[in-house]
Amino acid sequence: MAINPVGAMQKATQPQFTGVVDTVVGSKAFEKVAEFAGSNSATFNAASSLVMAGVLRPLTIMALPAKNEQEQKNKGNAAAHAIASAVIGFAITSTVMKPISAGLKKVMGNTDKYLPKLSEKMKSNPTLEKNVNKVLSFGPDILLAVPRALLTSKLSGYVNKALFGKKKDAAPAQQAQQAPVVAQAQESQRPVLDSFKGGTK
């Protein structure tokens, strides 16, 4: 009788794996998370994005090898931008998008009062309501796209300075500014130096 070691290992690990999953999914903490996700889907999605894009993605970027100093600098910029984008996205979703979504939901729930003309059209065209809801769901993102990009760009600079020490780049820049001044000083001293050429007379 042939023995399949791979199959035996799979059978041994499957109960262990399902036992761990069952323990996690059956816990009270997971139940609370599931309840929160069901009643606050937008905030839950934003929090998940915050963890993935603001923590896991920067760690992955910084874990990649860098061939030179420029690549290391680019890695820092990319990681800082990812953190800033995740933080701004979470802040906007939890503070701005939530009330806007609630307002749109209230309006679409009572179109006879707020949008009477649209309500009449939707009664004669059942698919119109679904299409309107889809369009309105993109509305807040379109309106907040520019402010979100500006805030992300601004915050990424602060994150870069705080985490990766971008302030160190100011030293070479300062040296570059001082170079013309030193050159001018040397040039102004040349007539005096030229007068001493040839030694004593």
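Both backbone and side-chain heavy atoms feed into the values below; hydrogens, waters and symmetry mates do not. Keep in mind that this is a model prediction, so the values were computed, not measured.
In this structure, Q72 CD and L64 CG are separated by 10.5 Å, a value rounded to the nearest 0.5 Å. Atom CG of N125 and atom CG of L118 lie 10.5 Å apart (nearest 0.5 Å). Note that NE2 of H81 is 10.0 Å distant from CG of L155, once rounded to the nearest 0.5 Å.
Pairing each heavy atom of S156 with each of A84, the nearest pair is N-CB, 3.5 Å. Contact detail for R148 and S85: the closest heavy-atom pair is NH2-O, 4.1 Å. Nearest heavy atom pair, residue G54 against residue I83, reads O-CG1, 3.5 Å. The shortest non-hydrogen separation linking S49 to A86 is O-CB, 4.3 Å. Among all heavy-atom pairs drawn from E71 and P65, the shortest one is OE1-O, 4.3 Å. Of all heavy-atom pairs between A82 and R57, the closest is CB-CD, 4.0 Å.
Both L163 and F90 belong to a common hydrophobic cluster when Ile, Leu, Val, Met, Phe, Trp and Tyr are linked at side-chain heavy-atom distances under 4.5 angstrom. V132 and L143 are not part of a single hydrophobic cluster, where members link through side-chain heavy atoms under 4.5 Å apart. No continuous path of ILVMFWY side-chain contacts below 4.5 Å connects I88 to I61, so the two sit in separate hydrophobic clusters.
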Practice problem: Go through the steps for Q70 and N74 under the test side-chain hydrogen bond (donor to acceptor under 3.5 Å, both in side chains), then give the verdict. | Solution: CA-CA 6 Å; Q70 183 61 39; N74 293 338; 3.2 Å; yes

- For M108 and M122, run side-chain contact (heavy atoms from CB on, under 4.5 Å): C-alpha distance rounded to whole Å, both residues' side-chain angles, the deciding distance at 0.1 Å, then the answer. CA-CA 11 Å; M108 293 305 297; M122 288 192 300; 4.2 Å; yes

Run K123 and D112 through side-chain contact (heavy atoms from CB on, under 4.5 Å) and show every step you take. CA-CA 10 Å; K123 289 176 182 178; D112 292 334; 3.7 Å; yes

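Between P116 and E120 the shortest side-chain heavy-atom distance does not fall below 4.5 Å. For the pair K154 and L151, the minimum side-chain heavy-atom distance is 4.5 Å or more. Counting heavy atoms from C-beta outward, E129 and K121 have side chains that stay 4.5 Å or more apart.
S153 contributes no side-chain N or O that, together with a main-chain N or O of L150, makes up a donor-acceptor pair within less than 3.5 Å. With hydrogens and angles disregarded, no donor-acceptor distance shorter than 3.5 Å links the side chain of S119 to the backbone of L115. Looking only at distances, a side-chain donor or acceptor of N131 sits under 3.5 Å from a matching main-chain atom of T127.
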